[in-house]
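A short write-up of the structure that comes next.
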Amino acid sequence: MATDSWALAVDEQEAAVKSMTNLQIKEEKVKADTNGIIKTSTTAEKTDEEEKGNYFWMPLARDEDRAAQSLLNKLIRSNLVDNTNQVEVLQRDPNSPLYSVKSFEELRLKPQLLQGVYAMGFNRPSKIQENALPMMLAEPPQNLIAQSQSGTGKTAAFVLAMLSRVEPSDRYPQCLCLSPTYELALQTGKVIEQMGKFYPELKLAYAVRGNKLERGQKISEQIVIGTPGTVLDWCSKLKFIDPKKIKVFVLDEADVMIATQGHQDQSIRIQRMLPRNCQMLLFSATFEDSVWKFAQKVVPDPNVIKLKREEETLDTIKQYYVLCSSRDEKFQALCNLYGAITIAQAMIFCHTRKTASWLAAELSKEGHQVALLSGEMMVEQRAAVIERFREGKEKVLVTTNVCARGIDVEQVSVVINFDLPVDKDGNPDNETYLHRIGRTGRFGKRGLAVNMVDSKHSMNILNRIQEHFNKKIERLDTDDLDEIEKIAN
DNA sequence: AAAAAAT
């Protein structure tokens, strides 16, 4: 459960891993890698920091440069030497060289952190990690607003940044990470636990709904992951956390966390309680223009990694639509698709909780096994459902926007928009669209997205989404099962 | 419209 201690969670994980057959191969690989690292760091010339046992990334610029630059307090545009991704990198300190690392060793991480990185099966940094890690680990700490497509390793990047700054012997919260939903907080927590499992003293607290602590004490966990409402309570009313001691503040899915129609109030209230020198890290696959501007206003002096519009979509995800005339026809089309989408796993998105529960019930009546997940369910139930889906015990998940962002289940090969994503004014929600289809095509895998259109109005919405991303969404005939299975494979 | 709170 969410309240479990760090140690317990790690024990459980290890028990699970031991039951896997390829354990020995994995362990040997980790050992070899870490031995290699320890050797090189002892033979290399040691800095004062290393002598004290602290391994830091080399400062990106000399102190005098930095002092001069901080006066300018201005962003200068540089071009990243990078021919595969069209990204803009805006550096806080334009005099410092623009770094990107090609290996985790170059980061000079503490050995137990590097061990955690390799134990998770990461061999080399992804594109966003290459660029973001040197910025995040620089001394003194610098803020970062970073954009990178779904499934490209943002979580691992900011988790590594938190773990590199945490001091496990100090028994109070030092790193705070906010997630927009309960399920995502649990998922990110697992990544923190896995990557940090070689720090024996380190503990993680989950500040999420349903995790009730005894009143009147401070918590000793060094890292806190949570959802905005609970975190705010823990920091203010309940005083479990002393926000003044937080060194790193991460906003995952940052655009929705600071958007007016999102979690803005709570996130900003939490941010205001933090010390002025707290490092702020904002990550998302999408930043709508106005939100991007707001982010740069609330984050002092940030480094910036931004995608060009044409690079936002992933080409590995094929997008289609099916044309229907009513909701019942959409349902029929979906039933036709069911066989094809259950080859691997699928997620079906609805606009409301009501539609989601209706659809799940109707599909069940037709004899199709589906799971339902929405915010009206109890957290215990939600945790159980997402767990079953992760384990592959459920092939199809009918859900709302609660699962639109961040949820990482590798086996998901199809995303279906039973309802297209629209905002409260009925306009297309391009950001949510991108996040939803990004539940498939994780880490370079291929994926399929199918949009169900049932009116002129929804066709118009889809056309506007196409125009926004300048990406063709082709028609699919659900009567042509051969064609569908070909695509779904 | 959904999500997010020990209120």
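Chain letters run A, B, ... following the sequence lines, proteins first, then strands; residues in each count from 1. Predicted model, so just to flag it, every value in this text is computed and none were measured. Excluded from the calculations below are hydrogen atoms, water molecules and symmetry mates; all remaining heavy atoms, backbone and side chain alike, are included.
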Is it possible for you to check whether Arg353(A) lies under 6.0 Å from the centre of the six-membered ring of Trp358(A), through NZ or CZ, and within 45° of that ring's axis?
-> no
Cationic tip of Lys239(A) within the cone over Trp234(A)'s six-membered ring, i.e. under 6.0 Å and within 45° of the normal?
-> no
Could you check whether [X] pairs with [Y] (Lys NZ or Arg NE/NH1/NH2 to Asp/Glu carboxylate O, under 4.0 Å)?
{"X": "Glu391(A)", "Y": "Lys393(A)", "value": "yes"}
{"X": "Asp255(A)", "Y": "Arg405(A)", "value": "yes"}
{"X": "Arg439(A)", "Y": "Asp408(A)", "value": "no"}

Does any donor atom in the side chain of Glu366(A) or Ser364(A) lie under 3.5 Å from an acceptor atom in the other side chain?
-> no
In whole Å, I'd like the distance from the [atom1] atom of [X] to the [atom2] atom of [N].
{"X": "Tyr182(A)", "N": "dA3(B)", "atom1": "OH", "atom2": "P", "result": "14 Å"}
{"X": "Ile270(A)", "N": "dA5(B)", "atom1": "CD1", "atom2": "C1'", "result": "11 Å"}
{"X": "Arg353(A)", "N": "dA2(B)", "atom1": "CZ", "atom2": "C1'", "result": "7 Å"}
{"X": "Asn427(A)", "N": "dA1(B)", "atom1": "CG", "atom2": "P", "result": "14 Å"}
{"X": "Gln266(A)", "N": "dA6(B)", "atom1": "CD", "atom2": "C1'", "result": "13 Å"}
{"X": "Arg436(A)", "N": "dA2(B)", "atom1": "CZ", "atom2": "P", "result": "11 Å"}
{"X": "Asn401(A)", "N": "dA3(B)", "atom1": "CG", "atom2": "C1'", "result": "9 Å"}
{"X": "Met378(A)", "N": "dA5(B)", "atom1": "CE", "atom2": "C1'", "result": "15 Å"}

Given [N], is OP1 or OP2 found less than 4.0 Å from the side-chain N or O atoms of [X]?
{"X": "Arg382(A)", "N": "dA4(B)", "result": "yes"}
{"X": "Arg215(A)", "N": "dA6(B)", "result": "no"}
{"X": "Thr400(A)", "N": "dA1(B)", "result": "no"}

DNA chain B contacts made by residues 223-244 of chain A, counting heavy atoms under 4.0 Å | Thr227(A), Gly229(A), Thr230(A), Asp233(A), Lys237(A), Leu238(A), Phe240(A)
So which of residues 249-265 of chain A are in contact with DNA chain B, with a heavy-atom cut-off of under 4.0 Å?
-> Gln261(A), His263(A)
Among dA1(B), dA6(B), dA3(B), which nucleotide sits nearest the side chain of Lys212(A)?
-> dA6(B)
Work out which heavy atom in Glu167(A) is nearest to a heavy atom in Gln174(A); give both atom names and the distance.
-> N-OE1, 2.6 Å
In short, ring-ring contact (aromatic ring centres under 6.0 Å, His included) pairs touching residues 156-177 of chain A with sequence neighbours left out are Phe158(A)-Phe283(A)
Test Gln264(A) against Thr260(A) for side chain to side chain donor-acceptor pair (under 3.5 Å), laying out the working first.
-> CA-CA 5 Å; Gln264(A) 190 177 66; Thr260(A) 12; 4.8 Å; no
Assign Arg405(A) to base, sugar-phosphate, or nothing according to its heavy-atom contacts below 4.0 angstrom with the strands shown.
-> nothing
